[in-house]
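Reminder, nothing fancy here: chain letters follow the sequence lines and each chain counts from 1. Quick caveat: nothing in here was measured; it's all calculated off a predicted structure.
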Amino acid sequence: MALTLYNTQTRKKQPFEPLDELSVGMYVCGPTVYDLAHIGNARPIVVFDVLYRLLRSIYGADCVKYVRNITDVDDKINAAAKESGEPISAITARTTEAFHADIAELNALPPDVEPRATDHIAEMVEIIEALIASEHAYEKDGHVLFHVPSDPGYGKLSHRDRDEMVAGARVEVAPYKRDPADFVLWKPSAEDLPGWDSKWGRGRPGWHIECSAMSRKHLGVTVDIHGGGADLIFPHHENEVAQSECSCPGHDFVRHWVHNGFLSVNGEKMSKSLGNFITIRQALEGAPGEVLRLMMLSTHYRKPLDWTDDGVEQARTRLDRLYRILAKADGLSEARQVAKSLDGDKFSNAILDDLNTPLALSELERRADDLSKMSAQELQQSLPGFLANADLLGILQKEPEAWFKGGEAESDVGQIEAQIALRLAARKAKDFAAADNIRDALAENGIILEDRPDGSTDWRRAG
RNA sequence: GGCCGGGUGGCAGAGUGGCUCAUGCGGAGGACUGCAAAUCCUUUUAUGCCGGUUCGAUUCCGGCCCCGGCCUCCA
């Protein structure tokens with residue numbers, strides 16, 4: 001079975017066929033680094049990480065190039081700097097670092113290239129100049145604008161026509177626009193704001209041009225996959241298409257548009273004003289990154305995902321169960337070394353069918369049941385494939401021991417074991433009240449005891 | 001208003017023109033345990049509404065209702 005992906009532009013599931021199987025390109029819109037990333041930002045990170053892992057599995061790790069940008073010039077960054085007084089460079093550096101740390105916890109592989117907008121001003125200017133030369137763009141009052149009516153294909157991604165957009169526009173039309181739908185490629189910058197000298201005066205890029213420039217620079221004029229959140233379809237991606245294709249006629253900008261659905265929190269849109277804004281960092285305080293990741297993957301990527309505490313707890317319980325089964329398996333680390341490719345099983349078919357991670361996950365869980373009933377020999381056979389599938393989803397990446405006991409300091413472990421020994425002695429003496437006291441005290445500190453049939457006692461951290 | 005997505009059991013969430021409609025979480029009962037925890041066994045419940053097509057629709061078509069998103073801040 002071959003990979004099929006839903007293409008936003010055609011509104012259909014389509015076989016994914018890269019232009020060149022030896023060089024598969026994927027561009028995903030990365031964060032604007034003005035504040036900590038939130039769990040809504042985390043969804044595309046996780047979704048496209050799965051797609052990246054899948055593409056690497058199909059075409060080979062060396063034949064896939066994943067580019068995810070960092071937007072480090074933006075009005076929101078300027079506003080944040082003005083408000084806090086912190087220099088822009090400090091904000092972007094600090095936020096970028098935090099972003100990397102946060103998504104690493106989600107088991108997201110780093111992209112092959114992570115370009116920064118400010119390193120690509122020359123490439124942006126080049127595209128803008130080409131657009132002016134071909135009369136798709138014009139300069140007015142220090143602004144350079146893309147003239148939407150000059151692009152007959154405009155709207156083909158988001159399936160809107162210009163008149164509808166203009167009619168629905170909530171924003172006052174700026175006087176320098178020839179057409180209400182025109183959008184900014186370059187705008188003047190005051191002395192106290194980031195700016196670059198250009199033939200149109202000192203200025204900075206508009207919102208959309210960076211992705212056109214960085215995509216072309218690192219992946220060529222046509223990219224196989226361009227992804228991001230569904231809210232980016234319009235205007236961001238529509239405008240990218242216009243800029244890119246009008247500045248390089250005869251070439252499609254993107255072969256396959258992939259967009260993930262929106263994330264809500266307790267049924268409501270996440271927003272600062274509603275007070276339900278959850279950063280990845282906050283979410284990580286309540287649950288390991290792998291739990292958050294599983295939560296993300298337990299709903300199909302194109303569907304809305306509602307973030308709830310209950311959902312997080314369910315994801316945790318599911319993961320606990322899988323790790324428990326792994327904990328009982330011998331030869332885990334050896335099995336992890338065995339390379340496995342997609343082999344036409346139910347799991348592979350599910351993930352190849354437009355990234356049906358919920359279905360793939362259910363198959364993984366069903367097979368985990370099988371594993372728990374296998375002989376050592378059968379396990380040796382089946383474990384590598386199971387783990388390879390888990391790798392594709394980016395889960396079960398820890399050792400079971402670390403999963404259940406990680407995060408405890410050495411001295412605490414000694415303490416716990418001492419308490420367990422005391423309790424064992426009490427139980428032997430049939431002093432169950434004392435034994436239960438010890439267990440309760442540990443439980444209050446988040447340590448759960450499990451008595452084994454052989455008389456020993458194991459422990460784990462509670463969620 | 002325009003465009004897009006969604007409405008499945010107590011919850012999360014897939015698939016499917018008909019066979020007992022996955023998987024997980026939870027609930028119930030049982031086994032195990034001093035009691036728990038974990039595990040194992042058993043078990044409970046669903047396709048928003050109204051029509052149409054069909055021998056038969058949750059699945060296809062039409063209409064309606066409801067929810068969410070986008071319409072140049074937004075993953």
Side-chain angles (χ1 to χ4, degrees), chain A residues 8 11 28-32 37-48 74-76 79 148 155 158-161 163-171 173-174 177 180-184 206-208 227-236 238-239 259-264 267-272 294-295 298-300 302-306 308 310-311 313-322 324-325 327-328 346 350 353 356-369 372-373 427 430-433 435-436 439-440 443 448-453 457-460 462:
Chain A
T8 307
R11 297 171 167 172
V28 175
C29 290
T32 300
H38 55 71
I39 53 175
N41 297 310
R43 192 173 190 194
I45 296 298
V46 170
V47 164
F48 290 101
D74 183 274
D75 287 356
K76 286 196 292 288
V148 168
S158 58
H159 305 100
R160 293 158 202 260
D161 68 50
D163 293 342
E164 279 170 7
M165 287 164 359
V166 172
R170 301 183 291 201
V171 174
V173 177
K177 289 188 180 183
D182 291 355
F183 58 90
V184 170
W207 173 31
H208 317 293
D231 55 320
L232 292 181
I233 296 169
F234 189 86
H236 185 53
E238 190 68 62
N239 290 355
H259 292 97
N260 63 273
F262 226 71
L263 181 144
S264 57
E268 285 181 315
K269 178 174 174 166
M270 183 165 55
S271 75
K272 284 181 175 166
L294 188 77
M295 167 101 182
S298 59
T299 297
H300 185 82
R302 283 194 282 117
K303 285 204 171 178
L305 170 62
D306 193 30
T308 62
D310 188 50
E313 284 318 303
Q314 286 197 16
R316 183 201 302 276
T317 313
R318 291 175 87 163
L319 222 36
D320 277 349
R321 178 169 160 271
L322 291 174
R324 246 177 224 119
I325 290 167
K328 282 191 278 187
K346 280 188 184 171
D353 181 13
N356 193 338
T357 55
L359 188 61
L361 196 55
S362 75
E363 176 61 13
L364 199 70
E365 288 181 312
R366 205 196 52 67
R367 275 165 51 198
D369 269 342
S372 69
K373 291 170 186 136
R427 288 176 69 208
K430 304 269 183 210
D431 185 356
F432 295 120
D436 289 352
R439 184 172 63 198
D440 293 346
I448 308 293
L449 299 187
E450 293 181 14
D451 292 335
R452 299 279 174 243
T457 298
D458 202 1
W459 63 273
R460 65 184 160 91

Whole Å only: how far is the [atom1] atom of [X] from the [atom2] atom of [N]?
| X | N | atom1 | atom2 | result |
| --- | --- | --- | --- | --- |
| A:Arg11 | B:rG5 | CZ | C1' | 11 Å |
| A:Lys303 | B:rG5 | NZ | P | 12 Å |
| A:Phe234 | B:rC70 | CZ | P | 13 Å |

Identified pairing partner of [N], criterion: Watson-Crick or G-U wobble below 3.5 Å:
| N | result |
| --- | --- |
| B:rA14 | none |
| B:rU20 | none |
| B:rA28 | B:rU42 |
| B:rC70 | B:rG2 |
| B:rC64 | B:rG48 |

Heavy atoms under 4.0 Å, any strand shown: does A:Leu263 hit a base, just sugar-phosphate, or nothing?
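Answer is base: heavy atoms of A:Leu263 come under 4.0 Å of a base.
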Ignoring the backbone of A:Leu359, work out which of B:rG34, B:rA14, B:rU23 is nearest its side chain.
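Nucleotide nearest to A:Leu359's side chain: B:rA14.
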A:Lys177 side-chain proximity, nearest of B:rC35, B:rU72, B:rU39
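Of all the options, the side chain of A:Lys177 is nearest to B:rU72.
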Looking at B:rG69 and A:Phe262: do their rings stack (centroid distance under 5.5 Å, interplanar angle under 30°)?
no
Can you check whether A:Lys328 has a side-chain N or O nearer than 4.0 Å to OP1 or OP2 of B:rU39?
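False: A:Lys328 side-chain N/O out of range (4.0 Å or more) of B:rU39 OP1/OP2.
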Indicate, yes or no, whether a donor-acceptor pair under 3.5 Å links the base of B:rC11 to the side chain of A:Gln314.
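Between B:rC11 and A:Gln314, which were checked side chain against base, a qualifying N/O pair under 3.5 Å is present.
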